[in-house]
Amino acid sequence: MNFFANTSFRTRLLLSMLLPVFLIQCFSIVHEVLDHKELFMATLEHESDLVLRFTAAALAQPMHYDDPAQIQNLVQDILRQGRVAQMQVFDTSGTQIFAQANPDYSPAANDLRASQKIVYTGFGKPQDLGHLEVTLPASSIAEPLRNAILSHLALSSFVLVIITIVIFLALSRLSRPVAAIIKTLSAMRTDTFDGTVPGLERRDEIGLMAQALHQLHEKTHEIAELRAQDGV
């Protein structure tokens, strides 16, 4: 409270105008962060769905003919692309028959995990061979999400600076004649004013204040002259 009591009217008015703008910008940044995160997670889910369908279809034939070497090659080829962190293959009984992860993968609680049935449809009735589980790391969206946040933060900061400059210039233009009137009023109070009241030519509220002050000065001057004549 002491800080605001010791600041000028222009500063208090500037802060009162900037505070809502700052809060709105903060809300906008938080909204953008959540919106971008949701968008990137949806993209990650779509990517995992594509990987699952493609890999399950590719694994169906080597699993049907019990070709572990071909299974391993397919899994390693997909892991080598870097988008999938871990893959596990299970048979119909739920027994894991193959599993592999990227060497630099560190499991996290928010990693995206999904599964897909492996069905062989080569001849006649579709045959269920087991299921595939893949893990896509949430860290894969961390960098694009961070870049999007920084970009929005930079834009918001730029807008806030522009708004601050515009408001400051407007308040400076408004407060300059008010400060001149206050200075004139102070000089009148100490009886040291000798000149023209500033702002008389204006046609706004400041001009009305200047005219009222001018009339007060004229009345005071007349009273002083009458007193001087009575003294004589």
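These numbers come from a predicted model, not from an experiment. Residue numbers count from 1 along this sequence.
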> If you round to the nearest 0.5 Å, how far is CD of Q100 from CD1 of I71?
Replying inline: 12.5 Å
>> Assigning hydrophobic clusters by single linkage (Ile, Leu, Val, Met, Phe, Trp, Tyr; side-chain heavy-atom cutoff under 4.5 Å), is V197 placed with L208?
In response: no
>> Same cluster or not: L112 versus L50, using hydrophobic residues (I, L, V, M, F, W, Y) connected whenever any side-chain heavy atoms lie under 4.5 Å apart?
In response: no
>> Please enumerate all residues that pass salt bridge (Lys or Arg N to Asp or Glu O under 4.0 Å) together with R203, with sequence neighbours excluded.
In response: none
>> If the condition is salt bridge (Lys or Arg N to Asp or Glu O under 4.0 Å), which residues does D35 pass it with, not counting sequence neighbours?
In response: none
>> To the nearest 0.5 Å, what is the distance between CD on E133 and NE2 on H131?
In response: 4.0 Å
> Okay, side chain of T184, backbone of A180: is any donor-acceptor separation there less than 3.5 Å?
Replying inline: yes
> Relative to each other, are the rings of Y120 and Y65 parallel, tilted or perpendicular (30° and 60° limits)?
Replying inline: perpendicular
>> Going by salt bridge (Lys or Arg N to Asp or Glu O under 4.0 Å), name the residues that satisfy it together with R83, two or more places apart in sequence or in a different chain.
In response: E47
>> Tell me the closest heavy-atom pair linking P198 and A210, and the distance in Å.
In response: O-CB, 3.3 Å
>> Measuring from atom CE of M209 to atom CD1 of I181, what distance do you get when rounded to the nearest 0.5 angstrom?
In response: 4.5 Å
>> Please check if the number of heavy atoms outside Y105 that lie under 6.0 Å from its OH is greater than 12.
In response: yes
> Can you tell me how far the CE atom of M87 sits from the OG1 atom of T135, to the nearest 0.5 Å?
Replying inline: 9.5 Å
>> Is there a path of hydrophobic side-chain contacts, each under 4.5 Å between heavy atoms of I/L/V/M/F/W/Y residues, joining V119 to L132?
In response: no
>> In this structure, would V159 and V21 fall into the same cluster of hydrophobic residues linked by side-chain contacts under 4.5 Å?
In response: yes
>> Which heavy atom of R202 sits nearest to which heavy atom of Q211, and what is that distance?
In response: O-NE2, 4.3 Å
> Out of curiosity, L18 CG to L160 CG, how far, rounded to the nearest 0.5 Å?
Replying inline: 6.5 Å
>> Between V89 and I118, is there a side-chain heavy-atom distance shorter than 4.5 Å?
In response: yes
> With no hydrogens and no angle check, is any side-chain donor or acceptor of N73 less than 3.5 Å from a backbone partner on A69?
Replying inline: yes
>> Are I97 and L129 linked, directly or through intermediate hydrophobic residues, by side-chain heavy-atom contacts shorter than 4.5 Å (ILVMFWY only)?
In response: yes
> Any chance CZ of R53 has more than 12 other-residue heavy atoms, nucleotides or ligands included, within less than 6.0 Å?
Replying inline: no
> Does the S156 side chain pair with the main chain of H152, one donor and one acceptor, at a distance under 3.5 Å?
Replying inline: yes
>> If you compare all heavy atoms of L79 against all heavy atoms of N102, which two are closest, and at what distance to 0.1 Å?
In response: O-OD1, 3.3 Å
>> Can a donor-acceptor pair be found, under 3.5 Å and without considering hydrogens, that links the side chain of S157 to the backbone of L153?
In response: yes
> Does CD in E38 sit with more than 12 non-hydrogen atoms of other residues, nucleotides or ligands closer than 6.0 Å?
Replying inline: no
> For the side chain of D111 and the backbone of A138, is there at least one donor-acceptor N/O pair under 3.5 Å apart?
Replying inline: yes
>> Determine whether V134 and R113 satisfy the following criterion, side chain to side chain contact (heavy atoms under 4.5 Å, CB included), listing intermediate values before the conclusion.
In response: CA-CA 6 Å; V134 298; R113 297 172 176 84; over 6 Å; no
> Which value, rounded to the nearest 0.5 Å, describes the distance between I163 atom CD1 and I167 atom CD1?
Replying inline: 6.5 Å
> Would you say D77's side chain and L74's backbone share a donor-acceptor pair under 3.5 angstrom?
Replying inline: no
